[in-house]
Amino acid sequence: MPSRVSSCLVSLTLLLATSAGHAGNPSAAAGQTPATEANAKTQAGAKAQAQSQEAPKPQSEEAAEQPATPAQAGAKAQTQAQKGTTEGLPKAQNIDLQEPIQGAELVAPDGTTADAAPAVEATPDDLVGAQPFVLLGREVPPATSTRLAWAPSQSFEGIYAATPVLVVHGKKPGPVLCLTAAIHGDELNGIETVRRVLYNLDPNKLAGTVVGVPIVNLQGFHRHSRYLSDRRDLNRFFPGDPDGSSASRIAHSFFHEVISHCDALVDLHTGSYYRTNLPQLRADLTNPGVVALTKGFGATVVLHSEGAEGTLRRAAVNQGIPAVTLEAGASMLLDETSVEHSSKAIQTLLNHMEMVSKFRLWGDPEPVYYTSTWQRAPMGGVIFSEVALGESVSKGDLLGTITNPITNVRTEIHSAYDGRVLGMALNQFVQPGFAAYHIGIRAPEEKVPAPAAAADSNASGQVSPAAEPLPDTEVPSDEQPDAPDSGDDAFEDG
């Protein structure tokens, strides 16, 4: 394991005291002679003139001289956001994320560890001048992999639930990509996906920064539940309120302490309540920055959706952070096919954003669906499907059957549209009205918008306008399969 790094910088208190000492002294100024005052004014005028001559060019002139690459744009934004914020902050340890550790070695919310402070290492020559990344009160030097921790203030005194936050800060400048999983505590595929992506990144070959939060909702995860301990869905409270409910306060803490530091977001989810989803992106295709982001995931289905109010994805987009939801598989199950697809898709995105050079080959691109609909159970009983996830269907095709176990009455569910099965119920006992089959509908060719001429995803967000979604049709959008208070909103961001 690489040796740990810590800082012996001057404390913030001393720094402020020193700054105060350099400020003007009113009592001394009162005793200055006229000659002294004139001399001071002359020196101040000369200094101001020199600073004016050395002033940087306006941003517009600078941009006109040399267009910024995605990596340069991300680095510029990161530098501007973090300038002057690293003084006095402790440095994060540089560790090998693939090396197993004991629980006691995990970083606590205050940034301390069970071990003694490691010795300070000299900065390598090739990293001199490179900008650190600041997150959760820690300074992460370039070419560093580390574990931090976020802990919301919603806890009993002396008891906290620290959520591990993995950070890989590259040797080269670039954008900041955030990966979040298990906002619903029973959705496991995203946890493994974040682990695979983060633990296989080499900070010496990375441009930019990847922040991974494998388990956002630790309360739900420990209870094998979708919800927080108060039965609230955390993914309906973003960006949160510091004076609101417990869920709203947790959402506010996470959004402002982690998400606000990112240039782009991928939020990982699965279907819920015994439903499974074909790997797919949920994205607001009316937003140019989001459209650009969707182009980096390889052969992955894209479904237009603005996102429900309170979802992390929608809150991020509203704050100017391009974000998508990556849905794959079912809750409470680890599905290797879904995890492999999601991991490959994110690694492809990293290449598309010019953060890594490793290129992933895919097959034919998947279609974009602007409309979807539900096929619901007309009666209660045991459902058995006749179609597979991802299968194309035609109007009238048999999707599945429902049999009443008491009366033995059998009812068939037929597709009402030509389309593709994007999500479906697992074989189980269902109630009448249960959302059983999620059908993505390919629009008639004359209604399909021209392909969006969006540029490659980049941190500056300067992309061409996205194609408009299809006009309203008779097809119901009905993105939430059941009422939100039932918790069965499985196909709207998890």
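- In terms of the salt bridge (Lys or Arg N to Asp or Glu O under 4.0 Å) criterion, E257 has no residue partners (sequence neighbours excluded).
- Checked against salt bridge (Lys or Arg N to Asp or Glu O under 4.0 Å), R223 has no partners two or more places apart in sequence or in another chain.
- Partners of N427 according to the side chain to side chain contact (heavy atoms under 4.5 Å, CB included) rule, which considers only residues two or more places apart in sequence or in another chain, are F384, S385.
- Residues satisfying the ring-ring contact (aromatic ring centres under 6.0 Å, His included) criterion with F254, sequence neighbours excluded, are W150.
- Remark: R314 engages E309 in a salt bridge, criterion side-chain N to carboxylate O under 4.0 Å.
- Contact of the P175 side chain with the L177 side chain is not registered, since no non-hydrogen atoms from C-beta on lie closer than 4.5 Å.
- With sequence neighbours left out, K172 forms a side chain to side chain contact (heavy atoms under 4.5 Å, CB included) with A207.
- For E192, the salt bridge (Lys or Arg N to Asp or Glu O under 4.0 Å) test picks out R195, R196, with sequence neighbours left out.
- For the atom pair CG (D335) and OG1 (T270), the distance works out to 10.0 Å, reported to the nearest 0.5 Å.
- In summary, R249 and D241 do not engage in a salt bridge, as defined by a charged side-chain N under 4.0 Å from a carboxylate O.
- With values rounded to the nearest 0.5 angstrom, T209 atom OG1 is found 12.0 Å from H261 atom NE2.
- Expressed to the nearest 0.5 Å, how far CG of D202 lies from OG of S145 amounts to 7.5 Å.
- Under 4.0 Å is where a charged nitrogen must lie from a carboxylate oxygen, and between E366 and R420 at least one such pair does.
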